[in-house]
Amino acid sequence: MPVRQSNQIQPPSDPVGRDRLRYFEARRPALLETIREFVEIESPSDNKPAADRMGAHLASKFQTRGGRVRIHRAGDFGDNVQIDFPGRAGKPVLLLGHFDTVYPLGTLASMPCRVHGDHLHGPGVLDMKSGVALMLFAIEGLQAWHGQLPRPVTVFLVSDEEVGSSSSRRITEDLARQSGAVLVLEPAAGVRGAVKTARKGVGDYTLTIKGVAAHAGLDPGKGHSAILELARQIAVVAKFNHLPSGVSVNPGVIRGGTRTNVVAAEAVVEIDVRIRSAKQAVGLDRKMRSLTPFDRHCQLAIEGGINRMPMERNPGVAALYKKAKALARQIQWRLEEAAVGGGSDGNFTAAIGIPTLDGMGGVGQGAHALHEHIVIAELPRRAMLLAGMIERA
Ligand SMILES: [Zn+2]
């Protein structure tokens, strides 16, 4: 609205905010180098030795800044890394991040870490190695300004976020319970860098259908096709979609049958579900579990459930966003908020009632994709915002 904009008087920028921004502008080359360093240590979720190399590197980085490292051993995934920083007073703030990526080992060969204009490209640069680097630099900044951190800070770096956080979830929840607030360094939403104040809940179901095999030519009438039953069940499941209320259901993977001349004895569908509010979980779960066969000679078995409850925009979340907005305003930055469909470990901490603000990390595009990159110019103010939120959250 041009009329309102022309009347709008920009508040003078706050000297503290401005100085801090300048501090991080000066640190930008170092921050960029650190992000590159992190990206160039490949760390796919499913490769424990590689993930552990990254975890150990991060542990030593944070230790150098005065943090006390605690390694949580994990069997199937990389060890999860906790670093505690003492602070002057108050409850700790939890900085939550993950260092696993979705890219298999060797991806750097075809997708090298490189600067292109104002972008830094590379596997995991946005999701979320830049976020981890921002933690390090925000802590450094606070130490430079105050000597000691104004409050205790717990950094928790997870090794298996991209594959459901099974080894880290309990620790994340325990640490959140001991903290006054949780700041999640996942990528910001969109090119305008909005923080995330709501995330959908996420679930996974596997429906397995057992039919009765028969020769498709000799005995077609004796068979009961698991594939035909699967097709009918998928049509039922698709009706569970209710986009206006934020419920979406996607039968994303199917398999079944053995040969064209055999009536299929087995078929399987894997289904991704998303919900907007916690109360939708029970109803959707009940519907999934009450699927009944059309062909009574077929048997259905359903496994799975809601893995991450939604992060809802409750008063605790809204209060954190308000503080973040005020900090951004110090440097005439209008920080936006967004609700997104994807889940993160922030869903866990918000669901147990700890005020959580997500999307505090890098700004960019192409997470999990070939063109994944961050916008370099955004880094200083993201660091400035994080440092301020560590103090105020
Ligand atoms: Zn992520």
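Predicted model, so just to flag it, every value in this text is computed and none were measured. Atoms within each ligand, like the ligands themselves, are counted from 1 in listed order. Side-chain atoms are counted along with the backbone in the values below, which use heavy atoms only and exclude waters and symmetry mates.
By the 4.0 Å N-to-carboxylate-O rule, Glu33 lies close enough to Arg36 to be salt-bridged with it. Arg255 has a carboxylate O that lies under 4.0 Å from a charged side-chain N of Glu270, or vice versa, which qualifies the two as a salt bridge. A salt bridge is defined here as a Lys NZ or Arg NE, NH1 or NH2 lying under 4.0 Å from an Asp or Glu carboxylate O, and Lys48 with Asp79 meets this definition.
Just one of Lys196, Arg192, Lys325 meets the salt bridge (Lys or Arg N to Asp or Glu O under 4.0 Å) condition when paired with Glu336; it is Arg192.
The Zn ion (ligand 1) is closest to atom OE1 of Glu186 (considering only N, O or S atoms). Nearest N/O/S atom of Asp127 with respect to the Zn ion (ligand 1) is recorded as OD1.
The Zn ion (ligand 1) does not have Glu162 among its coordinating residues (no N/O/S atom, backbone or side chain, under 2.8 Å).
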